[in-house]
Amino acid sequence: HYTRRPIATDFTGFFMSISAFHPPLRTLMGPGPSDVPPRILEALSRPTIGHLDPRFIDLMDEVKTLLQYVMQTENTLTMPISAPGSAGMEACFVNLVQPGDKVIVCQNGVFGGRMKENVERCGAEPVMVQDAWGTAVDPQKLEDALTAHPDANLVAFVHAETSTGAQSDARTLVELAHKHDCLTIVDAVTSLAGSPLKVDEWEIDALYSGTQKCLTCVPGISPVSFSERAQQRISNREHKVQSWFLDMNLIMGYWGKGARRAYHHTAPVNAMYALHESLRIVHEEGLENAWARHQRNHEALKAGLEAMGLRFIVDPAHRLPQLNAVTIPEGVDDAAVRTRLLEEHHLEIGAGLGDLAGKVWRIGLMGYSSRIENVTQCLGALDAVLADMGAPVTHGVALPAAEKILAA
Ligand code: PLP
């Protein structure tokens with residue numbers, strides 16, 4: 001017999017004080033999430049339908065086709081994992097790595113370190129190729145490691161290191177790996193849709209990304225793609241994939257095109273509407289145009305920041321347009337600046353991660369956040385806050401410098 005009793009009476013006052021959550025309006029110029037345009041937010045709020053509804057299955061097919069376009073691939077095993085970028089990373093490792101394997105991991109920032117963790121947790125041996133943070137992965141170092149470890153069967157690296165803003169030469173690194181009979185895992189969380197990335201032309205074997213960066217969608221989904229070679233390795237595994245949720249053989253039963261769709265997990269239905277809309281937006285703009293927009297807005301922001309006297313940590317040849325890491329001027333309180341930007345200008349920029357904590361700001365220009373109005377808002381706000389704090393930078397010159405680039 002059930003009687004309804006008041007619960008946690010001590011907290012009644014507390015519960016009464018909880019009202020609907022209305023987030024403040026921010027301009028997001030950190031390392032992600034980026035600003036989500038109204039079109040995507042509107043798609044997210046459409047009525048939820050079943051994850052096996054024939055109309056939802058149609059949407060899934062379109063999401064796959066659009067992802068193939070954005071990744072520039074015809075890989076049939078291309079789909080969004082229902083979890084954030086870290087799950088995409090893990091999906092690539094748990095499916096392609098078996099206990100006892102030797103995996104070469106190139107590390108030039110935070111995320112290469114997570115790849116090492118993944119290799120170890122798969123019971124495999126990581127061989128680390130280290131490069132300084134802020135530099136690209138050195139192909140010669142990879143070649144040396146491949147020669148020294150002929151028994152390695154996989155190479156993993158981050159295409160766009162969000163912790164530093166450095167971009168590595170994915171095509172060359174993949175070519176080297178293949179020359180030594182290794183497959184490749186490429187982290188494209190920050191590069192996808194922001195800078196050139198061609199899965200088939202560059203012959204990448206496994207790639208994962210995230211929705212919250214240049215796809216400018218809500219966080220929490222990770223698009224992945226596996227080549228034929230990678231699919232074969234997954235099918236020929238001796239050991240079961242250690243993760244049930246991320247086992248590609250099982251996920252294919254739900255996402256495989258033309259397959260009889262069977263229940264695997266309940267897809268985040270509304271988030272898929274949002275991803276579908278975000279991919280439509282990239283397709284409408286055209287991938288090359290999206291890459292060019294990211295580059296142009298970067299040039300404008302760079303002109304403004306450098307005119308103020310801020311210095312980029314990555315050399316121009318390897319600089320990501322969507323992630324601008326600049327050194328914090330001597331004597332300036334990192335956290336105080338970011339707090340004032342947030343509170344007074346509703347602007348979020350990123351702090352340094354790992355070894356770069358307290359040393360750099362990371363200013364993102366990703367997806368819908370890569371717009372002229374964001375560039376000018378950021379430069380204006382940063383100039384105002386730094387001037388007020390008496391920071392050793394040149395004031396009043398950032399916006400004219402940026403505008404000169406935008407007018408050209
Ligand atoms: N890899 C890179 C390069 C990233 O920038 C991130 C997130 O910022 C991740 C992996 C992890 O993605 P998520 O935070 O969506 O799990």
Side-chain angles (χ1 to χ4, degrees), residues 28-36 67 71 79-94 105-119 121 131 133-137 155-170 173 184-195 197 204 206-225 243 245-246 268 271-272 274-275 278 294 313-314 318-325 348-357 360-367 369-370:
L28 300 179
M29 296 185 70
S34 49
D35 285 337
V36 180
L67 276 179
M71 294 178 173
M79 68 186 67
I81 299 277
S82 305
S86 305
M89 178 189 277
E90 197 143 339
C92 290
F93 283 92
V94 296
V105 175
C106 306
Q107 182 176 14
N108 59 341
V110 166
F111 293 98
R114 291 192 181 180
M115 288 179 152
K116 175 174 183 269
E117 275 282 328
N118 270 274
V119 172
R121 285 163 195 242
D131 277 291
W133 289 34
T135 65
V137 172
V155 169
F157 64 88
V158 179
H159 183 212
E161 239 312 338
T162 328
S163 60
T164 66
Q167 175 158 218
S168 292
D169 180 353
L173 298 176
T184 47
I185 293 179
V186 178
D187 178 319
V189 171
T190 284
S191 52
L192 186 67
S195 38
L197 171 66
I204 293 168
L207 177 117
Y208 60 90
S209 190
T211 43
Q212 76 276 28
K213 313 264 185 186
C214 299
L215 290 178
T216 212
C217 189
V218 289
I221 302 179
S222 177
V224 296
S225 186
S243 160
F245 181 63
L246 297 174
M272 288 301 161
L275 175 58
S278 91
H294 282 87
I313 64 163
V314 177
H318 302 117
R319 213 174 269 167
L320 280 169
Q322 59 273 51
L323 197 287
N324 298 266
E348 178 182 282
I349 65 167
L353 262 191
D355 290 356
L356 295 174
V360 301
W361 288 315
R362 291 180 301 149
I363 305 177
L365 286 172
M366 300 179 182
S369 291
S370 177

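Counting convention: from 1, in listed order, for ligands and their atoms alike. Please read these numbers as outputs of a predicted model, since none were measured by experiment.
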Met366 and Ser34: which non-hydrogen atoms are nearest, and at how many Å? O-CB, 3.3 Å
Can you pull out the closest protein heavy atom to atom 14 (O) of ligand 1? Residue, atom name and distance to 0.1 Å, please. Gln212 NE2, 3.8 Å
Nearest non-hydrogen protein atom to atom 9 (C) of ligand 1, with distance, is Phe111 CE2, 3.5 Å
So which atom in Phe157 and which in Met115 form the shortest heavy-atom distance, rounded to 0.1 Å? O-CE, 3.3 Å
Is Lys213 touching ligand 1 with its side chain, its backbone, both, or neither, if touching means heavy atoms under 4.0 Å apart? side chain
Atom pair OG/CD of Ser243 and Glu90 - distance to nearest 0.5 Å: 6.5 Å
Closest non-hydrogen atoms of Cys106 and Val155, given as atom of the first, atom of the second and distance, are SG-CG1, 4.5 Å
Starting from atom 1 (N) of ligand 1, locate the nearest protein heavy atom and write down its residue, its atom name and how far away it is, to 0.1 Å. Asp187 OD2, 2.6 Å
So, the side chain of Gln322 versus the backbone of Thr190: is there a donor-acceptor pair under 3.5 Å, distance only? yes
List the atom pairs, donor and acceptor, that lie under 3.5 Å between side-chain atoms in residues 212-221 and the rest of the protein, sequence neighbours left out.
from	atom 1	to	atom 2	distance (Å)
Lys213	NZ	Pro31	O	2.6
Thr216	OG1	Asp35	O	2.6
Thr216	OG1	Tyr368	N	2.8

In terms of atom number and element, which parts of ligand 1 are under 4.0 angstrom from non-hydrogen atoms of Thr190? 5 (O)
Could you report the tightest heavy-atom contact between Asp187 and Tyr208, atom names first, then the distance? OD2-OH, 2.7 Å
Considering non-hydrogen atoms of the protein only, which is the closest contact for atom 13 (P) of ligand 1, and what is the distance? Gly85 N, 3.5 Å
Region of Ala160 engaging ligand 1 - heavy atom pairs below 4.0 Å: backbone
Closer than 4.0 Å to some heavy atom of Ser86 - which atoms of ligand 1 meet that? 11 (C), 12 (O), 13 (P), 16 (O)
Nearest-contact summary for atom 5 (O) of ligand 1 - protein heavy atom, Å: Thr162 OG1, 2.4 Å
